[in-house]
Structure formats: structure tokens, C-alpha cells
2 protein chains.
Amino acid sequence: MEITPLQRIVAQLTESEAPRVWSLLVTAFGELAQELGDQISGALLRQICELIGIKPEAMRVALHRLRKDGWIESKRCGRTSNYGLTVWGRSQCVQASPRIYSRDPIAKQTWFVMTDPTQTQTHDVSNGAWVTPNLLLTSCAPKNTDAFLTLIGANTQVPPWIRSKLCDRDTIARSSELANTLSALQTQLKISPLLNPLDVTVVRILLVHRWRRIVLKAPILPDEVFPETWRGSLCRELMFDVLSTLPKQGLRVLEDAAASPKPHYVRAN
Amino acid sequence: MEITPLQRIVAQLTESEAPRVWSLLVTAFGELAQELGDQISGALLRQICELIGIKPEAMRVALHRLRKDGWIESKRCGRTSNYGLTVWGRSQCVQASPRIYSRDPIAKQTWFVMTDPTQTQTHDVSNGAWVTPNLLLTSCAPKNTDAFLTLIGANTQVPPWIRSKLCDRDTIARSSELANTLSALQTQLKISPLLNPLDVTVVRILLVHRWRRIVLKAPILPDEVFPETWRGSLCRELMFDVLSTLPKQGLRVLEDAAASPKPHYVRAN
């Protein structure tokens, strides 16, 4: 049986780790239906899952979980259902989107924050990482604090024992794997571009999902303070480049493609 | 019995704490005989001690200790002895002098040095203070280190919990006492200046001794990072002002004064 170009790419993008279905569907909703009122038909979801190799039963279980957890809601529409993000689910996607889709890193500066070791800490750490119980690196300076605060300048070396505590090893390793995968994919797509809107969308979802699992686990800090083996900066660059060759498809185009047996081709833009 | 102006000043300068004789003699040698080959006669030392209220026996014990500890050496000279600093004793005085006599603080900058908490520290701390076992503030950046190093800029607030660890409370309290004493003395000397070279010298020695016991116990760091109650900067200013009204007397002038029963007056300069 001949393998299609899409099947080869899907295999490449899932070989290191099969994505969890419910988590991948969150990525799909964030990618396709983040606008207020956006709905994805059950038929379109099924086709996307099928192209990724997810069985219908696994998709149904995942949709059930996402509904139960408050991510999505479904609407009956004749004999089928449409699915959309809830207000809360949408707010989660909107919050994460700049970190996932931005061409440039979100964090522009690093504050070195050392708190009194004899006091209990109450600082918000959403934009940084604790290196020790009283040393925080963050891109957003805490206010009203009695901590020692200093901006890490361009001439200041951040030693390896600090860098190594900012991000877990798995995330660092994944950034390296994704950079390699993206680099190979970039070459491949130049030789044989994907033209079918569903194919394009499937690859976008898988790419965004891989990157999302890295970037949302890493602290919001400039790339310079990460360990030397961090490839986040390269991933961001390659993601932007590869996604620009896989333009985002409108929901209507996708629904038409899902409803029709004929192949639909991506409009040049 | 009438009290002389010198006796009043000596009482003021020793009321908070009677100086240890051997330590005061180190100050005297540093003040009077720091040049290579300088010698102080036993007679001059006795008169200085007498004016301060130190008994001859206490002086003899202190001189014995200083000889034993390698600070000074004595030379017989007819029926009396002369005393001078040893090479080591002189090197100690030469090293301490800039900190004691400088009009301006020695330290111009503060480095914030955070070392890896999991490693044993080997940094030299002569120019700074450890705030925690892995946080050092120093005016002299360590080299070849894997510590996190940053210069504390003018806009950076050093919080009280760091300031409070830089210098012991006694030293801080002494700086406050000395500033008050100096301030009162400044006024007093304007009204009734000291004219006798021995009187001038005795007051200089007592002042330098008080200040030496503060400044050599404090870390070599800019005044800005000390606790708010530190009066080192004011002490330095007042010391400079008061000492300039009590000009340093040459050893020959002092030896003549000690050898002669007539009062010798300070030359105007």
C-alpha cells in the first residue's frame, strides 16, 4: 500500500510521542475555532482525527472528557453535532496563543529576584521560574516586594547552575527534537508542498501541538537565560517559516472539504 | 581640682568604652611611627599614656604583649628604650591606613555575588560580607567564578534584610556614638582649640582609635548598602574635619615636648 505525503509527515510528527487525543483536540480547537461563535462539525473533527490516525471511539471519549472538564460544549444540528469552545475554554486558548504563535519571544527582559530566605514567599511565578526557594528569575518584576531586584543586563553572565534550574530536561530535549523535525519538514515541504486544505490543517495542528507542549511548559523568560541546549529560539523561527508555507484554512473551506469527496486545493496567497 | 580641656576631651572619648591598652598602642604606632625607621621613645609613650590615663605598669604589659605578638621591637638607647613597628607590624598599619584616614570611602561599587548553593564556597571575602551562605556583597568582583555576578546600580534598592546582615549591630551603634562625639568635639575645638603638640596627638590617637575600631570591622562596601542607622559616612566627614584642626605632629616635635617640661605650642599651618 502506497503511503501518502501526508501520512509520512504525520508519522514523523508523532513518532517521538503519540499525542493524547483530548490534548490534541484542545490544540485543534485553539487553532481552528478560537473566534467567538466558531463551531466545528463532528464530520470535520472525525476527518481530522482520521488523517492523524485517531480512531472514532478515541475521539468520542476525548470529546466527552473535554465537555466534562468545561473546555467545549456541543450543539445538536439535525442528525449530527457541532462543537465549540466554552467561554472558559476560549479564554485559555486566547491566553496561550501569543506564546504559541508569536514569531518573537514574549519575554524581553529577565529580573533577578532574591527574597529574604527567612520569609515565606508569596510571589506569583507565572512569568518565570524559581531557581532556589528564594531565588526567582522572571520577565515581570514583582511589585511591593522587599526582595532584592535587579535587571539582568546584556553583559551579565547567567551561570549554568541557574540556567539548569529554569526548565525541566524533558522540555529542553523536546525543543531539540522539534527543531530537528521542523528542519527536515521545511526541506520536504519545499520539494513537495501540501495542497489539500485538510492536509495543511492536520500538519498545522500537529506542529502547533508539539510546540505548545514545549513553549507552555517553559517559563516566560528570554531564550538567553535558558540552558545552552535549549532550541526554543530555533523552533520559533522554524515554526514561523513552516507555518507560513502551510497557511491557515478558514473553517468554511474546511467544512466544505470535509463535506465533499473531491479534493480541495489551497488557494495561493 | 580643676580639669584641663584635654582631660575633658579624653573623658568624652573614652566614656563609652575604655580602650584596650595594647590595641590603643597599635593605633599610636600607626599614627606616629608608620614610616620606615620611625622610633618612639619610652618617655614619649609614657607621657601619651599618662595623658590618656593609662598607668605605666599597664603600658609595660601592653608593650610586652605587642613585642611577643610581633607588632613592635625595642632598641636599648642608653638607660631607656625606643620602640618601632616590625616589618610585619608596619605592613599591617600601611594596609589599614587608607581605610582609616581616607576622606572618601574606599569602596566605589557593590557586586552582588550569588554562588551555587550546592557548592562549597572558596571566595575571598576581605572586601565584602556574606549575607547568606551563598550570597556575597563585595566591592571587588571575584574572578574565575561560576557565581551569578551583577553590579548593583544606583537605581537598585538593596532591601533591609540584606543591609542588616552586612555589618554587626555593635559596629553600627558605635558609628552613631562616634558621630555624636565628633559633632560635639568639633564645636568644642572651635571655641577652645588645643595648642600643645602632645594634647593634639593624644586626641588624634583617641579619635583614630575609635574610628579604626569601627571602619576595620565594617566590610569594605559603599555606605549606601549599609543599614540606615550606619553613620560611617558622617563619621568620615567629621573625622576629616576634626583631624584637620588637630594637625599631625612630627615625631621630633613630640620627642622634644616629651623631653622638656615647658609646654610646646602647635605651629599654625
Side-chain angles (χ1 to χ4, degrees), chain A residues 107-123 128-169 219 221-230, chain B residues 107-123 128-169 219 221-230:
Chain A
K108 304 295 181 202
Q109 54 186 18
T110 309
W111 287 93
F112 179 99
V113 182
M114 189 168 171
T115 62
D116 185 347
T118 65
Q119 301 295 313
T120 312
Q121 302 318 321
T122 54
H123 294 295
W130 288 98
V131 176
T132 74
N134 68 314
L135 171 58
L136 169 67
L137 259 59
T138 174
S139 51
C140 184
K143 281 169 189 155
N144 305 321
T145 175
D146 69 346
F148 172 83
L149 270 190
T150 190
L151 204 50
I152 297 182
N155 295 327
T156 302
Q157 291 290 320
V158 179
W161 62 268
I162 290 185
R163 292 170 184 265
S164 68
K165 303 271 175 57
L166 298 176
C167 190
D168 68 277
R169 285 187 191 197
L221 285 170
D223 294 311
E224 305 89 79
V225 299
F226 278 74
E228 279 191 13
T229 44
W230 169 246
Chain B
K108 305 293 181 205
Q109 55 186 17
T110 308
W111 288 92
F112 179 100
V113 182
M114 190 167 171
T115 62
D116 185 346
T118 64
Q119 301 295 313
T120 312
Q121 302 317 322
T122 54
H123 293 296
W130 288 98
V131 176
T132 74
N134 67 314
L135 170 58
L136 169 67
L137 259 58
T138 174
S139 51
C140 184
K143 283 171 186 152
N144 304 322
T145 176
D146 69 347
F148 173 82
L149 272 189
T150 190
L151 204 51
I152 297 182
N155 295 327
T156 303
Q157 292 290 320
V158 179
W161 64 268
I162 290 185
R163 293 168 184 266
S164 68
K165 303 271 175 57
L166 298 177
C167 190
D168 67 279
R169 285 187 191 197
L221 284 170
D223 294 312
E224 305 91 78
V225 299
F226 279 75
E228 279 191 12
T229 45
W230 168 246

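Labels below follow one simple rule: chain letters A, B, ... track the order of the sequence lines, proteins then strands, and each chain is numbered from 1. Just the heavy atoms: all of them, side chains too, but no hydrogens, waters or symmetry mates, feed the values below.
- Of the atoms belonging to A/I162, it is side-chain heavy atoms, and not backbone ones, that fall under 4.5 Å from chain B.
- Ranking A/P159, A/G153, A/P117 against chain B, the residue ahead of the rest is A/P159, based on heavy-atom pairs under 4.5 Å.
- Every residue meeting the ring pair (Phe, Tyr, Trp, His ring centres under 6.0 Å) condition with A/F112, not counting sequence neighbours, appears here in chain and number order: B/F112, B/F148.
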Which donor-acceptor pairs fall under 3.5 Å between chain A and chain B:
{"from": "A/D146", "atom 1": "O", "to": "B/W161", "atom 2": "NE1", "distance (Å)": "2.7"}
{"from": "A/W161", "atom 1": "NE1", "to": "B/D146", "atom 2": "O", "distance (Å)": "2.7"}

